[in-house]
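Notes to accompany the following structure.
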Amino acid sequence: MASVPSLASTVRQRLADALTAALPEAGSADPLLRRSDRADFQANGILALAKKLKGNPRELATKVVEAIGANDVLKDIEVSGPGFLNITLTDKAILDTLAARAADERLGVPYAEKAGTTVIDYAQPNVAKEMHVGHLRSAVIGDAMVKIMEFAGEKVIRRHHIGDWGTQFGMLIQYLIEHPHELDHKDADVSGEEAMSNLNRLYKAARAHFDSDEEFKARSRDRVVALQSGDEETLALWQRFVDESKIYFYSVFNKLDMEINDPDVVGESGYNDMLDETCRLLEESGVAVRSEGALCVFFDDVKGPDGNPVPLIVKKSNGGYGYAATDLSAIRDRVQNLGADTLVYVVDARQSLHFKMVFETARRAGWLGDQVHAVQLAFGTVLGKDGKPFKTREGETVRLVDLLDEAIDRAAAVVREKAQDLTEDEIAERAAQVGIGAIKYADLSTSASRDYKFDLDQMVSLNGDTSVYLQYAYARIKSIIRKAGDSKPAAHPDIALAPAERALGLHLDQFAETLAEVATTYEPHKLAAYLYQLASHLTKFYDQCPVLKADTPAQLENRLFLIDLTARTLHQGMALLGIRTPERL
């Protein structure tokens, strides 16, 4: 089905046509249309136009209104103040547009006109290390942006750039060689918790041995050399650590209700074969230069506290490669081999300088440019209620799995309190959907660049800007539709709309434009804000417009139509944020 023009775009086009007819000397002019509290829309463009034409803005506005004439879309246009146009739509125009949206499984949301290929780098845990609260935001924000961009028609390639390389693996592999049963499992069906427990135990033992035994330390360093040179036995043992870690990673992502597939996991090791060539290309092109034995890239605007330039170190003086070499090789691979025209990195804001230098280096090398660009979707820190970085009472980093389990437990109490006809199994299922949804929404309803306070009491509250409020709004609609029995949702464009119905309808119409903006600006909090406003409009609608006790059968069907479209919009919007909407709560 063809996309459905929004009411705003329809009004904008009518105004543009009227401007051209009434003021041909103005050429094409933007009416500067926006939603308004005084009417449905307000157009402010005539003020700027009057200045350009040296005319009286009210007189020009009056000419434009006369040029529009009577029609079935614009009910009333009032010239206000120095030349604003306050525009009220007909009820029929609102319902006709919503009916067209309802007839489309995509709710009238068009595919992007210039869809391309985006590689999005997110959810980047470290092999042999436990995931903590610091891993939450990249996973949640990245997963939402993948869903939103794919819905917009973009070809999205996921990349999980896990930390699976480095000197610490020499220590771990050497310890496993000398203690070969440390990663053995009791049975074939190993849990994520057991896998992480094995890794934790081995890591602590290996570290203690490394710190206390100089001969073991020397053997571990030799093992790093063997790993980097591709020794088969060493690589096979390294792969055991990766595989064991994946069992754990996938169990955590499964609890987060996120899908992660093996082909999408391309860690630091995936670019090893490209590092030497990357450095050679940078040096031969003059983008990188030798400085004190290291291969570096310098920038005029990056200086240290002493005023001296701070370089991006691509290759260290001892011959080792820095993170920059891996990141630059990844850019080459993603652009040249995967065909990406956009690279999105969902990475902590504290790494902004690193990525600024990496992107600029890639631009100088010709790997990024007008046709291919990279952006860091930088996110802030998760804070505790005290406004400080979130820690346990003992000052330790909070384990991510503990956080998720506690959210599910809190949600279970909320669901059980409200549950009327749910079994214990259903309560457990809803608790996971509500608890995980609460954590995701708290993150996604905050601008990614900002820090936010992690407050589970607020997150699982039925009141305020929470996912639980939205989930209950959806469940309530489904309950009303069930109670309506044989009465079915149906739009009646000839019925007059109450103010709350109009407000709900106009907000429903903004869904497509909201998604288009979010997909291009990488700001999922704007979708969360839209959905919260939609639920708020729904609450006012309930207060003022009884559904099951409507005055006439036609009004009942029309109101069922409005809430049914609201439910579908909530369901689709929440799904794009990675949040479930159960039909019964």
- Item | Residues in ring pair (Phe, Tyr, Trp, His ring centres under 6.0 Å) contact with His492, at least two apart in sequence or another chain | none
Could you tell me whether a side-chain N or O of [X] sits under 3.5 Å from a main-chain N or O of [Y], the two making a donor and an acceptor?
X: Thr88; Y: Ala39; answer: no
X: Ser352; Y: Ala349; answer: yes
X: Ser536; Y: Tyr532; answer: yes

- Which atom pair, heavy atoms only, marks the closest approach of Thr90 to Asp72? OG1-O, 2.8 Å
Compute both the distance and the angle, then confirm whether [X] meets the cation-pi test with [Y]: under 6.0 Å from the six-membered ring centre, within 45 degrees of the axis.
X: Arg476; Y: Tyr542; result: yes
X: Arg106; Y: Phe151; result: yes
X: Arg35; Y: Phe41; result: yes

To the closest 0.5 Å, what do you measure between [atom1] ([X]) and [atom2] ([Y])?
X: Thr20; Y: Leu23; atom1: OG1; atom2: CG; value: 9.0 Å
X: Arg502; Y: Ile94; atom1: CZ; atom2: CD1; value: 4.0 Å
X: Leu577; Y: Gln572; atom1: CG; atom2: CD; value: 10.5 Å
X: Asp121; Y: Arg334; atom1: CG; atom2: CZ; value: 4.5 Å

- Message: What I want to find out is whether Asp457 reaches Arg410 closely enough, with some N-O distance under 4.0 Å, to be called a salt bridge.
- Response: yes
- Task: Start with the C-alpha gap between Tyr469 and Thr539, add the side-chain angles, then the distance that decides, and say whether side-chain hydrogen bond (donor to acceptor under 3.5 Å, both in side chains) holds.
- Result: CA-CA 10 Å; Tyr469 175 64; Thr539 299; 2.8 Å; yes
- Message: With a 6.0 Å cut-off on the ring centroids, do His507 and Tyr530 count as close?
- Response: yes
